[in-house]
Participant: 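Before we start, here is the structure in question, set down as structure tokens.
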Amino acid sequence: MNRIYESFYTRDVLEVAPDLLGKKLCVYSVGKKESFIISEVEAYRGVEDSACHASKGRTPRTEVMYKKGGVIYVYLIYGVHWMFNIVTAELDVPQAVLIRGLRSINGPGRITNKLNIEKSFNGESLISSQRIWLEDGEKPDEIFTSPRIGIDYAGEPWTSKAWRYFI
DNA sequence: TCAATGATTTTG
DNA sequence: AAAATCATTGAT
């Protein structure tokens, strides 16, 4: 067991996001441990990033993003899918990494469906939780980047930032 | 290509 | 208090 420690998460989201690729997301699902290699992520960077929920101000929903790196931010999109995010950076710096894909699962909504992640995971700590955490994994061969998906509403320069990272 | 679906946010 | 919004998915 080589769980990733807090210091990994308290860095800037643009450092953490690409580092997450190749790491193992581990969960206890139906009583047994399962792990998945993270293959696709997106960075959401604080109040100045208009694609980030926190840019609209601190609300009950975005509150978790202001916590110290290492906790989980889960929210419902379109009333249909749960999105799984990992909060990064220091206290009161609202940044998060959206996990968009695992090696065997494509699509952010399908991850949470498969792993049985729902709103009770919101605010849970990846450092101390017994049911979900990250471990060191394989180092990716090559990392690709692209603009983020589905954020046309955010406007420039945010729509063209290459803050989506994948293997 | 478009309907589904519900918490959050705005009063569109 | 009511209604629009919405970072996706899967079926048509």
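Letters go in sequence order (proteins before strands), and every chain restarts at 1.
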Participant: Name the residue from A/L25, A/I37, A/I38 that meets the side chain to side chain contact (heavy atoms under 4.5 Å, CB included) definition with A/R103.
Facilitator: A/I37

Participant: Mark yes when over 12 heavy atoms from residues, nucleotides or ligands other than A/Q130 sit less than 6.0 Å from its CD; otherwise mark no.
Facilitator: no

Participant: Is it true that the NZ or CZ of A/R3 lies under 6.0 Å from the centre of A/Y5's six-membered ring and within 45 degrees of the ring axis?
Facilitator: no

Participant: Determine the Euclidean distance between corresponding C1' atoms of C/dG10 and B/dT8; express it in Å to zero decimal places.
Facilitator: 25 Å

Participant: With a 4.0 Å heavy-atom cut-off, tell me which residues in residues 104-118 of chain A come close to DNA chain B, sorted by residue number.
Facilitator: none

Participant: Report the stems of DNA chain B as range-with-range entries sorted by first number; a stem here is at least three consecutive pairs, Watson-Crick or G-U wobble, both distances under 3.5 Å, and write none if there are none.
Facilitator: B:1-4 with C:8-11, B:6-11 with C:1-6

Participant: Can you find a side-chain donor-acceptor pair between A/W133 and A/E135 that sits under 3.5 Å?
Facilitator: yes

Participant: Atom CD1 of A/I151 and atom CH2 of A/W163: how far apart are they, to the nearest 0.5 Å?
Facilitator: 9.0 Å

Participant: Are A/L115 and A/L76 linked, directly or through intermediate hydrophobic residues, by side-chain heavy-atom contacts shorter than 4.5 Å (ILVMFWY only)?
Facilitator: yes

Participant: Between A/D12 and A/R45, is the closest basic N to carboxylate O distance under 4.0 Å?
Facilitator: yes

Participant: Can you tell me, in whole Å, how much space there is between the P of B/dT5 and that of B/dT1?
Facilitator: 23 Å

Participant: Using the P atoms only, state how far B/dG12 lies from C/dC6, rounded to an integer number of Å.
Facilitator: 15 Å

Participant: Nearest 0.5 Å, what's the OG-NZ distance between A/S50 and A/K56?
Facilitator: 8.0 Å

Participant: For the pair A/E124 and A/R131, find out whether any cationic side-chain nitrogen is under 4.0 Å from an anionic carboxylate oxygen.
Facilitator: yes

Participant: Tell me which residues in residues 66-82 of chain A lie within less than 4.0 Å of DNA chain B, going by non-hydrogen atoms.
Facilitator: A/L76, A/Y78, A/G79, A/V80

Participant: Using a 4.0 Å cut-off on heavy atoms, which residues in residues 155-165 of chain A reach DNA chain B? List them by number, or say none.
Facilitator: none

Participant: Using 4.0 Å as the upper bound for N to carboxylate O, is an ion pair formed by A/E42 and A/R100?
Facilitator: yes

Participant: Whole-Å distance between B/dT5 P and A/K119 NZ?
Facilitator: 17 Å

Participant: Going from OG1 on A/T145 to CZ on A/R164, what distance comes out if it is rounded to the nearest 0.5 angstrom?
Facilitator: 9.5 Å

Participant: Between A/E34 and A/K24, does any side-chain N to carboxylate O distance fall below 4.0 Å?
Facilitator: no

Participant: How far does CZ of A/F84 sit from CD1 of A/I117, to the nearest 0.5 angstrom?
Facilitator: 4.5 Å

Participant: Does either side chain, that of A/E156 or that of A/S160, offer a donor lying less than 3.5 Å from an acceptor on the other one?
Facilitator: yes

Participant: Using atom types as modelled, flag every donor-acceptor pair under 3.5 Å from a side chain in residues 58-67 of chain A to any protein atom, sequence neighbours excluded.
Facilitator:
unit_1: A/R58; atom_1: NE; unit_2: A/E63; atom_2: OE1; d: 3.1
unit_1: A/R58; atom_1: NE; unit_2: A/E63; atom_2: OE2; d: 3.4
unit_1: A/R58; atom_1: NH1; unit_2: A/D92; atom_2: OD1; d: 3.4
unit_1: A/R58; atom_1: NH2; unit_2: A/E63; atom_2: OE2; d: 2.9
unit_1: A/T59; atom_1: OG1; unit_2: A/R61; atom_2: N; d: 3.3
unit_1: A/T59; atom_1: OG1; unit_2: A/T62; atom_2: N; d: 3.3
unit_1: A/T59; atom_1: OG1; unit_2: A/T62; atom_2: OG1; d: 3.3
unit_1: A/T62; atom_1: OG1; unit_2: A/G57; atom_2: O; d: 3.3
unit_1: A/T62; atom_1: OG1; unit_2: A/T59; atom_2: N; d: 2.9
unit_1: A/T62; atom_1: OG1; unit_2: A/T59; atom_2: O; d: 3.4

Participant: Between the protein and nucleotides 8-12 of chain B, which nitrogen or oxygen pairs are less than 3.5 angstrom apart?
Facilitator:
unit_1: B/dT8; atom_1: O3'; unit_2: A/R61; atom_2: NE; d: 3.4
unit_1: B/dT9; atom_1: OP1; unit_2: A/T59; atom_2: OG1; d: 2.7

